[in-house]
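Here is the structure we will look at.
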Amino acid sequence: MTKTSQSPSAASLLAWYDRHHRDLPWRVSPPMAARGVTPDPYHIWLSEVMLQQTTVPAVKAYFAKFLERWPTVGDLSAAPTDDVMAAWAGLGYYARARNLKKCAEAVAADHGGRFPDTEDGLRALPGIGDYTAAAVAAIAFNRQAAVMDGNVERVISRLYAISTPLPAGKPLMKQKVALLTPADRPGDFAQAMMDLGATICTPKRPVCSLCPFNNACVALALHDPEHFPVKAAKKDKPVRQGAAFVAVNGEGEIYLRRRIASGLLGGMTEVPTTGWTARIDGETGTDAAPFPADWQAAGTVTHVFTHFELRLSIYRAQVASGSNRNDGWWEPVTNLEAQALPTVMKKAITQAIPRAFIKASA
């Protein structure tokens, strides 16, 4: 077994964090804490939900937009679901938005607008799993909870040279995180681990010379930190086919409809499309069009979901004004940005109407 000159120390990491923490809009930094500022559980929960599968730079603008529209969890709970879905559009993983709304409603209705302050209490809320419960408990309420996201997995796997491939290695990694998490400042420790993984212990070319754990890191002692974490071989993503139909009327309106509430992109707005899923192809020709029209091919778009790649054949048709349908509505092209359109639907519309999402002044 490879030995290091020191054992990992939470104190050394916290000292590094005090000097090198990232300033993030939802975070109470060490200088802020010293001035008596305390974390807002609503801010911590909102940011953690947004950050799942999404980068910090992408989340910042959405976080600011949500707080401007819904400053408290009570405001969010009272908001129309369609408005929340529209505000979320572009962040992806739309089940998060549906669960966000359900969780806000539960906090407002069942907890008087105050988040539970324990892991168990948080985990009982809609849409909150083990990771989010631990993160909110630690960061918002200073509970000694083991918080492990992708950054922390990388740090801990290198620190102890854990060779069990992910995801099988997660239980051992979490056990190590739990043993290392201090009773004092557990929230700062969790954020320090995240920052270390994001800025120093990066996937490629980690800056080990600046790491507060460099004298305790087994992977560094083995001269091979980039080998960790070990990951199981990835399976090739299946490719699915489908079609999308962009109808425009004489008033400059586009035909939209709403997807069913459950399943992929549930509750989001779409242009009519065929019955593709992660498991099956949809039809790709005009025989599957939602209504008769002079449908013209407008090219194809590709969109990569977590578990599959989708290739959509795009068709466009100009239809007469006053063409009423009972399964959707006509929306001005100039108002598309306000709709709950996921990225794949924006791609489809842009393929048919290249300037659909470009402001008139642009």
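The first residue of the sequence shown is numbered 1, and numbering continues consecutively from there. None of these values were measured; they are calculated from a predicted model.
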Do [X] and [Y] touch side chain to side chain, with heavy atoms closer than 4.5 Å?
{"X": "His111", "Y": "Leu125", "answer": "yes"}
{"X": "Lys346", "Y": "Glu337", "answer": "yes"}
{"X": "Trp70", "Y": "Leu46", "answer": "no"}
{"X": "Leu312", "Y": "His303", "answer": "no"}
{"X": "Met173", "Y": "Tyr160", "answer": "no"}
{"X": "Leu220", "Y": "Phe213", "answer": "no"}
{"X": "Val28", "Y": "Thr38", "answer": "no"}
{"X": "Thr54", "Y": "Arg96", "answer": "yes"}

Quick one: does any side-chain atom of [X] pair with a main-chain N or O of [Y] as donor and acceptor, under 3.5 Å?
{"X": "Tyr62", "Y": "Ala89", "result": "yes"}
{"X": "Lys65", "Y": "Ala87", "result": "yes"}
{"X": "Thr202", "Y": "Lys204", "result": "yes"}
{"X": "Arg158", "Y": "Ala219", "result": "no"}
{"X": "Lys101", "Y": "Asp82", "result": "no"}
{"X": "Ser47", "Y": "Ile44", "result": "yes"}
{"X": "Asp75", "Y": "Thr72", "result": "yes"}
{"X": "Asn214", "Y": "Cys211", "result": "yes"}

Side chain to side chain donor-acceptor pair (under 3.5 Å) pairs, two or more places apart, involving residues 125-149: Glu48-Tyr131, Gln52-Thr132, Asp117-Arg143, Arg123-Asp130
Can you tell which of Tyr93, Trp45, Phe66 makes a side chain to side chain contact (heavy atoms under 4.5 Å, CB included) with Met50? Phe66
Would you compute the distance between atom [atom1] of [X] and atom [atom2] of [Y] and round it to the nearest 0.5 angstrom?
{"X": "Thr273", "Y": "Glu283", "atom1": "OG1", "atom2": "CD", "value": "11.0 Å"}
{"X": "Tyr255", "Y": "Asp327", "atom1": "OH", "atom2": "CG", "value": "3.5 Å"}
{"X": "Gln191", "Y": "Leu13", "atom1": "CD", "atom2": "CG", "value": "11.5 Å"}
{"X": "Leu336", "Y": "Ile353", "atom1": "CG", "atom2": "CD1", "value": "7.0 Å"}
{"X": "Leu159", "Y": "Lys176", "atom1": "CG", "atom2": "NZ", "value": "9.0 Å"}
{"X": "Thr181", "Y": "Lys174", "atom1": "OG1", "atom2": "NZ", "value": "10.0 Å"}

Least distance between heavy atoms, [X] atom then [Y] atom:
{"X": "Pro290", "Y": "Trp295", "result": "CD-CZ2, 4.0 Å"}
{"X": "Thr269", "Y": "Met345", "result": "O-CG, 3.8 Å"}
{"X": "Gly285", "Y": "Phe245", "result": "O-CZ, 3.5 Å"}
{"X": "Thr277", "Y": "Arg240", "result": "O-CG, 3.3 Å"}
{"X": "Thr274", "Y": "Ala288", "result": "CG2-CB, 3.5 Å"}
{"X": "Ala320", "Y": "Asn249", "result": "O-CB, 4.0 Å"}

Look at atom CZ of Arg114 and say whether more than 12 heavy atoms of other residues, nucleotides or ligands are closer to it than 6.0 Å. no
How about NZ on Lys231, more than 12 heavy atoms from neighbouring residues, nucleotides or ligands closer than 6.0 Å, or not? no
Under 4.5 Å between side-chain heavy atoms, hopping through other hydrophobics if needed: is there a path connecting [X] to [Y]?
{"X": "Val304", "Y": "Val301", "answer": "no"}
{"X": "Ile280", "Y": "Val239", "answer": "no"}
{"X": "Leu24", "Y": "Val37", "answer": "no"}
{"X": "Leu67", "Y": "Met32", "answer": "no"}

Just grab all the ring-ring contact (aromatic ring centres under 6.0 Å, His included) pairs involving residues 16-35, residues at least two apart or on different chains. Trp16-His20, Tyr17-His21, Trp26-Phe63
How far apart are the C-alpha atoms of Leu76 and Tyr42, what are their side-chain angles, what is the distance that settles it, and do they pass the side-chain contact (heavy atoms from CB on, under 4.5 Å) test? CA-CA 10 Å; Leu76 182 59; Tyr42 173 55; 3.8 Å; yes
His307 and Phe305 aromatic centres sub-6.0 Å: no
Under 4.0 Å between a side-chain nitrogen and a carboxylate oxygen: does that hold for Glu270 and Arg259? yes
Go through the steps for Val107 and Ser77 under the test side-chain contact (heavy atoms from CB on, under 4.5 Å), then give the verdict. CA-CA 8 Å; Val107 171; Ser77 73; over 6 Å; no
Grouping ILVMFWY residues whenever side-chain heavy atoms fall under 4.5 Å, the cluster of Val230 otherwise contains Phe228
Please determine whether side-chain contact (heavy atoms from CB on, under 4.5 Å) holds for the pair Phe189 and Val147, giving the CA-CA distance in whole Å, both sets of side-chain angles, and the decisive distance to 0.1 Å. CA-CA 9 Å; Phe189 176 83; Val147 182; over 6 Å; no
Aromatic rings Phe291 and Trp330: how do their planes relate, parallel, tilted or perpendicular, breaks at 30° and 60°? tilted
Run the side-chain contact (heavy atoms from CB on, under 4.5 Å) test on Val271 and Leu256 for me, step by step, so that the C-alpha distance in whole Å, both residues' side-chain angles and the decisive distance to 0.1 Å come before the verdict. CA-CA 5 Å; Val271 292; Leu256 300 176; 3.8 Å; yes
